[in-house]
Amino acid sequence: FGPNSISLIVLVRGGCAAMAKSSRRSGRARRLGAAVVACAACLVAVLGLACCGRCWTARPGAVPRGAIAAGTALGGRIGIPAVRRWARKEDLEKEATSVPDFVKSVMNFLSPKPQEPSPMEAAAIRRQQAALDEVQELLQDLRLGVVFGQDDDGKAVRRAAPIGVLQAKATQSIAFFAATSEQALTDVLLSMRISAKEFSERNVLVVPVLIEPKSRSLLDFSERMLGAKLMSQGGVALPAPTSEEDRGTWGKIFGDEFAEADSQGQGAQAAAQGLALLVRSDGQIACRGVGRPIWKTVFAELGI
């Protein structure tokens with residue numbers, strides 16, 4: 001408090017004391033005199049507050065040097081008078097470290113550190129990663145029948161090319177969809193028509209794979225399926241094995257995928273709707289999933 005404030009306090013206390021004494025004394029003159037003194041004290045107090053208030057109201061939102069703007073921090077309102085106080089070094093150091101510690105504790109609560117996997121979980125992760133690495137290597141030598149034109153009857157004419165070459169030279173991303181029935185694959189190919197232009201613009205090939213999970217064998221499409229217009233879309237490529245060994249590799253890759261889905265409790269959905277294996281243009285497997293595709297999600301997973 002400043003000297004003006006101290007004077008005001010003294011005057012107000014004097015006026016209050018005078019009023020108290022007047023109530024105990026008799027006589028109209030004494031009571032009138034005490035009332036006059038009290039009124040004078042109040043008038044001086046008002047004038048003193050007006051003078052002291054200039055430093056707070058001179059500039060909206062201004063905070064005097066050395067003051068702590070508690071009103072602004074708590075209420076979000078500008079121009080609320082702050083309270084002056086003496087600060088000790090210990091208090092300042094405590095305040096300086098309390099805010100970062102609080103922020104750190106909130107961040108740790110919102111984004112807790114992931115727990116370390118158990119030995120069993122770590123072994124499962126290593127096993128899955130090793131299986132993915134093996135699949136990535138096996139896919140590079142397999143061939144796909146890619147559409148490069150049509151014959152006189154309007155049927156697609158395909159040319160076989162290794163997946164590794166398609167990705168290295170044409171930088172194509174590939175979305176494999178494996179199913180146990182032609183109907184499930186037909187549903188996938190039908191959904192492509194909604195985003196037909198995007199497959200060529202994003203340089204994506206969709207490969208339907210008909211598989212028998214129990215025997216881990218690649219099945220041939222029926223003549224009806226091969227003759228469907230859905231199969232003639234430019235973004236659709238087909239497995240093109242050149243030997244029984246290649247057929248066995250196709251069967252092993254996607255038979256293992258069905259087994260993995262079943263081990264994770266998703267075998268029924270995979271059998272009914274199929275599963276997906278998404279491979280980026282650099283040959284890395286981006287995602288594995290079950291169910292019908294949402295193409296925006298597929299494109300996002302492939303990074304295109």
Hey, can you pull the donor-acceptor pairs under 3.5 Å for the side chains in residues 124-132, sequence neighbours left out?
residue: Gln128; atom: NE2; partner: Glu260; partner atom: OE2; Å: 3.4
residue: Gln129; atom: NE2; partner: Asp133; partner atom: OD1; Å: 3.0

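- At least one side-chain heavy atom of Val135 sits less than 4.5 Å from a side-chain heavy atom of Leu277.
- In the hydrophobic clustering of this structure, Ile174 groups with Leu138; members are Ile, Leu, Val, Met, Phe, Trp, Tyr whose side-chain heavy atoms approach within less than 4.5 Å, directly or through other members.
- More than 12 heavy atoms of other residues, nucleotides or ligands lie within 6.0 Å of CD in Gln264, so this atom counts as buried by the packing criterion.
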Hey, mind stepping through Asp141 and Thr249 against side-chain contact (heavy atoms from CB on, under 4.5 Å) and telling me if it holds? CA-CA 10 Å; Asp141 294 330; Thr249 302; over 6 Å; no

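- The hydrophobic cluster containing Phe177 also includes Leu185, Val188, Leu189, Leu190, Met192, Phe199, Val204, Val206, Leu210, Leu219, Phe221, Met225, Leu226, Leu230, Met231, Val236, Leu238, Leu278, Trp295, Val298, Phe299, Leu302, Ile304, under a criterion of side-chain heavy atoms closer than 4.5 Å among ILVMFWY residues, counted directly or through chains of members.
- Separation of atoms CZ (Arg193) and NZ (Lys229) is listed at 8.5 Å; rounding is to 0.5 Å.
- Taken from OG1 in Thr186 to CZ in Arg224, the straight-line distance is 7.0 Å, to the nearest 0.5 Å.
- Looking only at side-chain heavy atoms (C-beta outward), Asp220 and Arg247 come within less than 4.5 Å of each other.
- In this structure, Phe176 and Leu139 have side chains that are in contact, with non-hydrogen atoms separated by less than 4.5 Å.
- Each of Phe148 and Leu144 belongs to its own hydrophobic cluster when Ile, Leu, Val, Met, Phe, Trp and Tyr are linked at side-chain heavy-atom distances under 4.5 angstrom.
- Side-chain atoms of Asp187 never come within 3.5 Å of backbone atoms of Gln273 as a donor-acceptor pair (strictly under, hydrogens ignored).
- The closest side-chain heavy-atom distance from Leu275 to Arg288 is not below 4.5 Å.
- What you find for Gly283 and Gln140 is that their closest heavy atoms are CA-NE2, 4.0 Å.
- Rounding to the nearest 0.5 Å places CD of Glu244 at 10.5 Å from OG of Ser217.
- In this structure, the separation between CD on Glu245 and CG on Leu142 is 10.0 Å, given to the nearest 0.5 Å.
- Proximity of a side-chain donor or acceptor of Gln136 to a complementary backbone N or O of Ile285 within less than 3.5 Å is detected.
- Ile211 and Gly251 get closest at one heavy-atom pair: CD1-CA, 3.6 Å.
- Residues Glu301 and Ala286 share a closest heavy-atom pair of O-CB, 3.4 Å.
- Annotation: side chain of Glu182 is in contact with side chain of Ser222 (closest heavy-atom distance under 4.5 Å).
- Of all non-hydrogen atoms in Trp250 and Pro241, the two that sit nearest each other are CD1-CB, 4.3 Å.
- What you find for Ala261 and Ala270 is that their closest heavy atoms are CB-CB, 4.1 Å.
- When all heavy atoms of Gly255 and Arg216 are compared, the pair lying nearest together is CA-CG, 3.7 Å.
- Under a hydrophobic clustering in which Ile, Leu, Val, Met, Phe, Trp and Tyr are joined whenever their side-chain heavy atoms come within less than 4.5 Å, directly or via other members, Leu205 and Val157 fall into different clusters.
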Determine whether Lys197 and Glu201 satisfy the following criterion, salt bridge (charged side-chain N to carboxylate O under 4.0 Å, His left out), listing intermediate values before the conclusion. CA-CA 6 Å; Lys197 293 183 179 179; Glu201 293 174 354; over 6 Å; no

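- A donor-acceptor pair under 3.5 Å is absent between the side-chain atoms of Gln269 and the main chain of Gln266, judged by distance alone.
- Contact check for Ser281 versus Gln172: no side-chain heavy atoms found under the 4.5 Å cut-off.
- Cys287 SG to Arg280 CZ: the interatomic distance, rounded to the nearest 0.5 Å, is 10.5 Å.
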